[in-house]
Number of protein chains: 2
Amino acid sequence: MDLDDPTGCVTFLVRHAWLSMRSALADALDEHGLSVQQYGVLVLVSKVPGRTVAEVGREVGTARQSANELISGMERAGLLERRPNPNDRRTQQVHLTPDGEQRLIDVGPAVRKVEEDLEASFSDADRAAARAWLHHMVENAG
Amino acid sequence: MDLDDPTGCVTFLVRHAWLSMRSALADALDEHGLSVQQYGVLVLVSKVPGRTVAEVGREVGTARQSANELISGMERAGLLERRPNPNDRRTQQVHLTPDGEQRLIDVGPAVRKVEEDLEASFSDADRAAARAWLHHMVENAG
DNA sequence: ATAGGATTGACAGGTTCCTGACAATCGAGG
DNA sequence: CCTCGATTGTCAGGAACCTGTCAATCCTAT
(Lines give C-alpha, C1' and ligand atoms only; values in the text may rest on other atoms or scores of the structure.)
Protein backbone atom coordinates (compact mmCIF):
# COMPACT_ATOMS: atom_id res chain seq x y z
CA MET A 1 0.00 0.00 0.00
CA ASP A 2 1.09 3.53 -0.80
CA LEU A 3 -1.02 5.92 1.26
CA ASP A 4 1.19 8.90 1.99
CA ASP A 5 -1.71 11.21 2.85
CA PRO A 6 -0.99 14.53 1.21
CA THR A 7 -4.48 15.77 2.07
CA GLY A 8 -3.53 17.41 5.36
CA CYS A 9 -6.81 16.17 6.82
CA VAL A 10 -6.58 14.08 10.00
CA THR A 11 -9.69 12.13 9.15
CA PHE A 12 -8.05 10.72 6.05
CA LEU A 13 -4.89 9.97 7.96
CA VAL A 14 -6.99 7.89 10.32
CA ARG A 15 -8.55 6.18 7.32
CA HIS A 16 -5.15 5.35 5.89
CA ALA A 17 -4.02 3.99 9.23
CA TRP A 18 -7.12 1.83 9.38
CA LEU A 19 -6.58 0.54 5.85
CA SER A 20 -2.94 -0.28 6.47
CA MET A 21 -3.56 -1.96 9.79
CA ARG A 22 -6.49 -3.90 8.38
CA SER A 23 -4.31 -5.09 5.55
CA ALA A 24 -1.62 -6.26 7.97
CA LEU A 25 -4.22 -7.95 10.15
CA ALA A 26 -5.83 -9.60 7.14
CA ASP A 27 -2.50 -11.09 6.09
CA ALA A 28 -2.12 -12.71 9.50
CA LEU A 29 -5.73 -13.85 9.63
CA ASP A 30 -6.24 -15.45 6.26
CA GLU A 31 -3.53 -17.95 7.06
CA HIS A 32 -6.12 -19.20 9.52
CA GLY A 33 -9.04 -18.80 7.15
CA LEU A 34 -10.57 -15.80 8.89
CA SER A 35 -11.53 -12.37 7.62
CA VAL A 36 -10.96 -9.22 9.64
CA GLN A 37 -14.67 -8.75 10.23
CA GLN A 38 -15.07 -12.36 11.29
CA TYR A 39 -12.23 -11.96 13.76
CA GLY A 40 -13.89 -8.86 15.16
CA VAL A 41 -17.13 -10.71 15.75
CA LEU A 42 -15.26 -13.66 17.22
CA VAL A 43 -13.48 -11.48 19.77
CA LEU A 44 -16.64 -9.59 20.60
CA VAL A 45 -18.78 -12.66 21.15
CA SER A 46 -15.97 -14.26 23.12
CA LYS A 47 -15.78 -11.34 25.54
CA VAL A 48 -19.52 -11.03 25.96
CA PRO A 49 -21.30 -14.26 25.01
CA GLY A 50 -24.99 -14.11 24.30
CA ARG A 51 -24.86 -10.87 22.31
CA THR A 52 -27.78 -10.37 19.95
CA VAL A 53 -27.34 -9.72 16.23
CA ALA A 54 -28.28 -6.07 16.62
CA GLU A 55 -25.79 -5.61 19.46
CA VAL A 56 -23.01 -7.18 17.45
CA GLY A 57 -23.80 -4.83 14.58
CA ARG A 58 -23.70 -1.76 16.78
CA GLU A 59 -20.51 -2.68 18.59
CA VAL A 60 -18.65 -3.70 15.48
CA GLY A 61 -19.72 -0.54 13.68
CA THR A 62 -21.84 -1.99 10.91
CA ALA A 63 -25.50 -2.12 9.89
CA ARG A 64 -27.82 -4.63 11.54
CA GLN A 65 -28.27 -6.41 8.26
CA SER A 66 -24.53 -6.68 7.62
CA ALA A 67 -24.05 -8.20 11.05
CA ASN A 68 -26.84 -10.61 10.25
CA GLU A 69 -25.18 -11.77 7.04
CA LEU A 70 -21.77 -11.93 8.70
CA ILE A 71 -23.10 -14.04 11.57
CA SER A 72 -25.03 -16.28 9.20
CA GLY A 73 -21.84 -16.98 7.29
CA MET A 74 -19.92 -17.74 10.45
CA GLU A 75 -22.75 -19.98 11.61
CA ARG A 76 -22.53 -21.86 8.33
CA ALA A 77 -18.76 -22.11 8.85
CA GLY A 78 -19.36 -23.65 12.27
CA LEU A 79 -17.77 -20.83 14.25
CA LEU A 80 -20.90 -19.44 15.86
CA GLU A 81 -24.34 -20.61 16.86
CA ARG A 82 -27.58 -18.78 17.62
CA ARG A 83 -29.65 -19.87 20.56
CA PRO A 84 -33.13 -18.67 21.40
CA ASN A 85 -33.28 -16.04 24.10
CA PRO A 86 -35.60 -17.22 26.89
CA ASN A 87 -36.19 -13.64 28.04
CA ASP A 88 -36.90 -12.12 24.63
CA ARG A 89 -38.47 -14.05 21.81
CA ARG A 90 -37.41 -11.47 19.25
CA THR A 91 -33.71 -11.92 19.77
CA GLN A 92 -31.25 -14.75 19.56
CA GLN A 93 -28.15 -15.16 21.65
CA VAL A 94 -24.97 -15.54 19.66
CA HIS A 95 -22.42 -17.94 21.13
CA LEU A 96 -19.08 -19.36 20.07
CA THR A 97 -18.96 -23.01 19.11
CA PRO A 98 -16.01 -25.07 20.41
CA ASP A 99 -14.55 -24.72 16.92
CA GLY A 100 -14.95 -20.96 17.07
CA GLU A 101 -13.29 -20.80 20.45
CA GLN A 102 -10.43 -22.94 19.25
CA ARG A 103 -9.97 -20.82 16.14
CA LEU A 104 -9.83 -17.69 18.27
CA ILE A 105 -7.16 -19.26 20.46
CA ASP A 106 -5.20 -20.32 17.39
CA VAL A 107 -5.06 -16.88 15.79
CA GLY A 108 -4.47 -14.97 19.01
CA PRO A 109 -0.64 -15.01 18.95
CA ALA A 110 -0.46 -13.98 15.30
CA VAL A 111 -2.80 -11.05 15.82
CA ARG A 112 -1.01 -9.89 18.92
CA LYS A 113 2.31 -10.11 17.12
CA VAL A 114 1.09 -7.94 14.26
CA GLU A 115 -0.08 -5.19 16.57
CA GLU A 116 2.93 -5.50 18.85
CA ASP A 117 5.30 -5.20 15.90
CA LEU A 118 3.47 -2.17 14.62
CA GLU A 119 3.72 -0.40 17.95
CA ALA A 120 7.15 -1.72 18.88
CA SER A 121 8.88 1.64 18.64
CA PHE A 122 6.44 3.43 20.93
CA SER A 123 6.60 3.77 24.69
CA ASP A 124 3.73 2.73 26.88
CA ALA A 125 2.91 6.39 27.39
CA ASP A 126 2.81 7.02 23.65
CA ARG A 127 0.54 4.03 23.12
CA ALA A 128 -1.79 5.17 25.86
CA ALA A 129 -1.84 8.68 24.43
CA ALA A 130 -2.70 7.41 20.98
CA ARG A 131 -5.50 5.27 22.39
CA ALA A 132 -6.84 8.20 24.36
CA TRP A 133 -6.84 10.38 21.24
CA LEU A 134 -8.62 7.72 19.21
CA HIS A 135 -11.10 7.02 21.96
CA HIS A 136 -11.88 10.71 22.19
CA MET A 137 -12.60 10.80 18.47
CA VAL A 138 -15.02 7.92 18.88
CA GLU A 139 -16.79 9.54 21.80
CA ASN A 140 -17.13 13.01 20.34
CA ALA A 141 -17.98 12.26 16.72
CA GLY A 142 -20.91 10.38 15.25
CA MET B 1 -23.05 5.72 16.67
CA ASP B 2 -22.23 3.50 19.59
CA LEU B 3 -18.76 2.05 19.07
CA ASP B 4 -17.30 1.54 22.51
CA ASP B 5 -14.68 -0.96 21.37
CA PRO B 6 -14.64 -3.76 23.90
CA THR B 7 -12.35 -5.82 21.65
CA GLY B 8 -9.09 -4.62 23.18
CA CYS B 9 -7.57 -4.56 19.70
CA VAL B 10 -6.05 -1.25 18.58
CA THR B 11 -6.85 -1.92 14.95
CA PHE B 12 -10.56 -1.93 15.67
CA LEU B 13 -10.22 1.18 17.78
CA VAL B 14 -8.71 2.89 14.75
CA ARG B 15 -11.57 1.59 12.66
CA HIS B 16 -14.11 2.98 15.10
CA ALA B 17 -12.34 6.33 15.08
CA TRP B 18 -12.40 6.37 11.29
CA LEU B 19 -16.11 5.51 11.18
CA SER B 20 -16.99 8.18 13.71
CA MET B 21 -14.88 10.86 12.08
CA ARG B 22 -16.17 9.96 8.65
CA SER B 23 -19.72 10.24 9.91
CA ALA B 24 -19.03 13.69 11.35
CA LEU B 25 -17.31 14.77 8.17
CA ALA B 26 -20.15 13.42 6.05
CA ASP B 27 -22.68 15.47 8.00
CA ALA B 28 -20.74 18.64 7.25
CA LEU B 29 -20.16 17.72 3.62
CA ASP B 30 -23.59 16.67 2.47
CA GLU B 31 -24.89 20.14 3.25
CA HIS B 32 -22.72 21.08 0.30
CA GLY B 33 -23.68 18.07 -1.77
CA LEU B 34 -20.37 16.26 -1.44
CA SER B 35 -19.50 12.79 -0.24
CA VAL B 36 -16.46 12.06 1.90
CA GLN B 37 -14.71 10.26 -0.96
CA GLN B 38 -15.47 13.07 -3.35
CA TYR B 39 -14.02 15.56 -0.90
CA GLY B 40 -10.88 13.46 -0.59
CA VAL B 41 -10.38 13.43 -4.34
CA LEU B 42 -11.09 17.14 -4.54
CA VAL B 43 -8.42 17.94 -1.96
CA LEU B 44 -5.94 15.58 -3.55
CA VAL B 45 -6.37 16.90 -7.07
CA SER B 46 -6.28 20.44 -5.75
CA LYS B 47 -2.92 19.88 -4.06
CA VAL B 48 -1.37 18.07 -7.01
CA PRO B 49 -3.21 18.85 -10.25
CA GLY B 50 -2.69 16.52 -13.19
CA ARG B 51 -2.83 13.32 -11.16
CA THR B 52 -3.76 10.22 -13.17
CA VAL B 53 -6.68 7.96 -12.25
CA ALA B 54 -4.36 5.25 -10.97
CA GLU B 55 -2.45 7.73 -8.81
CA VAL B 56 -5.64 9.08 -7.31
CA GLY B 57 -6.69 5.54 -6.48
CA ARG B 58 -3.41 4.74 -4.80
CA GLU B 59 -3.22 7.92 -2.78
CA VAL B 60 -6.82 7.83 -1.67
CA GLY B 61 -6.51 4.18 -0.68
CA THR B 62 -8.94 2.59 -3.10
CA ALA B 63 -8.86 0.30 -6.12
CA ARG B 64 -8.05 1.73 -9.54
CA GLN B 65 -11.52 0.91 -10.75
CA SER B 66 -13.20 2.60 -7.77
CA ALA B 67 -11.18 5.74 -8.41
CA ASN B 68 -12.23 5.54 -12.03
CA GLU B 69 -15.93 5.38 -11.13
CA LEU B 70 -15.55 8.09 -8.51
CA ILE B 71 -13.80 10.43 -10.94
CA SER B 72 -16.33 9.68 -13.68
CA GLY B 73 -19.14 10.68 -11.35
CA MET B 74 -17.38 13.88 -10.36
CA GLU B 75 -16.71 14.64 -14.00
CA ARG B 76 -20.40 14.21 -14.71
CA ALA B 77 -21.14 16.52 -11.78
CA GLY B 78 -18.86 19.14 -13.28
CA LEU B 79 -16.30 19.10 -10.48
CA LEU B 80 -13.42 17.52 -12.39
CA GLU B 81 -12.19 17.17 -15.92
CA ARG B 82 -9.78 14.75 -17.58
CA ARG B 83 -7.27 16.07 -20.06
CA PRO B 84 -5.03 13.97 -22.31
CA ASN B 85 -1.48 13.58 -21.10
CA PRO B 86 0.92 14.74 -23.85
CA ASN B 87 3.75 12.65 -22.40
CA ASP B 88 1.82 9.39 -21.94
CA ARG B 89 -1.05 8.38 -24.15
CA ARG B 90 -2.25 5.76 -21.68
CA THR B 91 -3.02 8.23 -18.92
CA GLN B 92 -5.22 11.24 -18.47
CA GLN B 93 -4.53 14.22 -16.24
CA VAL B 94 -7.26 14.95 -13.73
CA HIS B 95 -7.88 18.63 -13.06
CA LEU B 96 -10.38 20.66 -11.03
CA THR B 97 -12.96 22.66 -12.95
CA PRO B 98 -13.67 26.20 -11.73
CA ASP B 99 -16.84 24.78 -10.16
CA GLY B 100 -14.80 22.13 -8.39
CA GLU B 101 -12.37 24.70 -7.06
CA GLN B 102 -15.20 26.88 -5.84
CA ARG B 103 -16.89 23.96 -4.14
CA LEU B 104 -13.67 23.11 -2.36
CA ILE B 105 -13.35 26.69 -1.13
CA ASP B 106 -16.96 26.65 0.03
CA VAL B 107 -16.69 23.52 2.16
CA GLY B 108 -13.26 24.33 3.58
CA PRO B 109 -14.41 26.17 6.72
CA ALA B 110 -17.01 23.55 7.62
CA VAL B 111 -14.49 20.72 7.31
CA ARG B 112 -11.86 22.54 9.31
CA LYS B 113 -14.41 23.31 12.00
CA VAL B 114 -15.39 19.67 12.34
CA GLU B 115 -11.83 18.53 12.83
CA GLU B 116 -10.93 21.46 15.04
CA ASP B 117 -13.91 20.80 17.30
CA LEU B 118 -12.99 17.14 17.55
CA GLU B 119 -9.45 17.93 18.61
CA ALA B 120 -10.29 21.01 20.65
CA SER B 121 -9.35 19.47 23.97
CA PHE B 122 -5.90 18.34 22.85
CA SER B 123 -2.66 20.31 23.00
CA ASP B 124 -0.53 20.85 19.93
CA ALA B 125 1.89 18.27 21.28
CA ASP B 126 -0.86 15.70 21.73
CA ARG B 127 -2.12 16.31 18.21
CA ALA B 128 1.37 15.95 16.78
CA ALA B 129 1.90 12.75 18.78
CA ALA B 130 -1.34 11.25 17.52
CA ARG B 131 -0.42 12.12 13.94
CA ALA B 132 3.01 10.62 14.38
CA TRP B 133 1.50 7.42 15.75
CA LEU B 134 -0.98 7.20 12.89
CA HIS B 135 1.65 8.00 10.31
CA HIS B 136 3.86 5.27 11.72
CA MET B 137 1.05 2.76 11.35
CA VAL B 138 0.64 3.77 7.72
CA GLU B 139 4.35 3.47 7.02
CA ASN B 140 4.92 0.15 8.75
CA ALA B 141 1.80 -1.77 7.78
CA GLY B 142 0.52 -2.72 4.36
C1' DA C 1 -55.18 -4.79 30.41
C1' DT C 2 -54.22 -2.65 26.56
C1' DA C 3 -52.76 0.80 23.24
C1' DG C 4 -48.68 3.10 21.31
C1' DG C 5 -44.03 3.36 20.46
C1' DA C 6 -39.68 1.15 20.02
C1' DT C 7 -36.70 -2.81 18.85
C1' DT C 8 -35.63 -7.26 16.86
C1' DG C 9 -34.33 -10.48 12.94
C1' DA C 10 -35.06 -10.99 8.30
C1' DC C 11 -36.16 -9.94 3.32
C1' DA C 12 -35.79 -7.12 -1.04
C1' DG C 13 -33.41 -3.97 -3.73
C1' DG C 14 -29.76 -0.90 -4.66
C1' DT C 15 -25.10 1.25 -4.01
C1' DT C 16 -20.31 0.94 -3.48
C1' DC C 17 -16.21 -1.26 -3.91
C1' DC C 18 -13.27 -4.92 -5.53
C1' DT C 19 -11.04 -8.65 -8.44
C1' DG C 20 -9.94 -10.35 -12.96
C1' DA C 21 -9.56 -9.59 -17.41
C1' DC C 22 -8.41 -6.88 -21.90
C1' DA C 23 -6.07 -3.93 -25.50
C1' DA C 24 -3.17 0.06 -25.69
C1' DT C 25 0.92 2.13 -24.30
C1' DC C 26 5.34 2.97 -22.08
C1' DG C 27 10.22 1.82 -20.78
C1' DA C 28 14.33 -0.98 -20.63
C1' DG C 29 17.58 -4.41 -22.87
C1' DG C 30 19.06 -6.65 -26.34
C1' DC D 1 14.76 -1.56 -34.60
C1' DC D 2 12.09 -5.02 -31.68
C1' DT D 3 10.65 -7.77 -27.86
C1' DC D 4 9.27 -8.27 -23.05
C1' DG D 5 7.63 -6.86 -18.73
C1' DA D 6 5.04 -3.41 -16.35
C1' DT D 7 1.37 0.05 -16.15
C1' DT D 8 -2.70 2.51 -17.75
C1' DG D 9 -7.88 3.13 -18.29
C1' DT D 10 -11.85 0.48 -18.78
C1' DC D 11 -15.30 -3.38 -18.96
C1' DA D 12 -17.65 -7.46 -16.85
C1' DG D 13 -19.01 -9.88 -12.94
C1' DG D 14 -19.24 -10.51 -8.12
C1' DA D 15 -18.71 -9.55 -3.03
C1' DA D 16 -19.72 -6.56 0.82
C1' DC D 17 -22.53 -3.36 2.74
C1' DC D 18 -26.47 -0.32 3.27
C1' DT D 19 -31.38 1.52 3.35
C1' DG D 20 -36.22 0.61 3.57
C1' DT D 21 -39.57 -2.37 4.98
C1' DC D 22 -42.18 -5.99 7.41
C1' DA D 23 -44.36 -8.90 11.11
C1' DA D 24 -43.28 -10.31 15.70
C1' DT D 25 -42.20 -9.01 20.12
C1' DC D 26 -41.14 -6.14 24.04
C1' DC D 27 -41.82 -2.14 27.11
C1' DT D 28 -44.11 1.77 29.08
C1' DA D 29 -48.08 4.47 30.37
C1' DT D 30 -52.54 4.98 31.05
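First the proteins, then the strands, lettered A, B, ... as listed; each starts at 1.
- Atom-to-atom distance recorded for A:Q92:CD and A:R83:CZ is 12.5 Å, nearest 0.5 angstrom.
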N/O contacts under 3.5 Å, protein versus nucleotides 7-10 of chain D?
from	atom 1	to	atom 2	distance (Å)
D:dT7	O2	B:R90	NH1	2.6
D:dT8	OP1	B:R58	NH2	3.1
D:dT8	OP2	B:R58	NH1	3.4
D:dG9	OP1	B:V53	N	2.9
D:dG9	OP2	B:A54	N	2.7
D:dG9	N7	B:R64	NE	3.3
D:dG9	O6	B:R64	NH2	3.1
D:dT10	OP2	B:N68	OD1	2.7
D:dT10	OP2	B:R82	NH1	2.5

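- Rounded to a whole Å, the CG atom of A:D30 is 15 Å from the C1' atom of C:dT19.
- Atom CG of A:L70 is separated from atom C1' of D:dA15 by 13 Å (rounded to the nearest Å).
- Contacts of B:Q37 with the nucleic acid, taken as non-hydrogen atoms under 4.0 Å apart, involve only primed sugar atoms and P, OP1 or OP2.
- At whole-Å resolution of the value, CZ in A:R76 and P in D:dA15 are 12 Å apart.
- Within the 4.0 Å cut-off from OP1 or OP2 of C:dC18, at least one side-chain nitrogen or oxygen of B:S66 is found.
- In this entry the distance linking CG of A:L19 with C1' of C:dC18 reads 13 Å, nearest Å.
- Comparing B:A67 and B:N87 by the nucleotide of DNA chain C that holds the closest heavy atom to each, the one mapping nearer the 5' end is B:A67.
- The list of salt bridge (Lys or Arg N to Asp or Glu O under 4.0 Å) pairs with a residue in residues 97-115 of chain A, not counting sequence neighbours, reads A:K113-A:D117.
- Counting to the nearest Å, the P atom of D:dA23 and the CZ atom of A:R89 are 18 Å from each other.
- Using a 4.5 Å heavy-atom cutoff, the side chains of A:R22 and B:R15 are not in contact.
- To the nearest 0.5 Å, the span separating CG on B:L80 from CZ on B:R51 amounts to 13.5 Å.
- Under a 3.5 Å cut-off, the side chain of B:R127 and the backbone N or O of B:F122 do form a donor-acceptor pair.
- For the side chain to side chain contact (heavy atoms under 4.5 Å, CB included) test, residues two or more places apart in sequence or in another chain that qualify with A:V114 are A:A24, A:A28, A:L118.
- For the pair B:E69 CD and D:dA15 P, the interatomic distance rounds to 17 Å; values are reported in whole Å.
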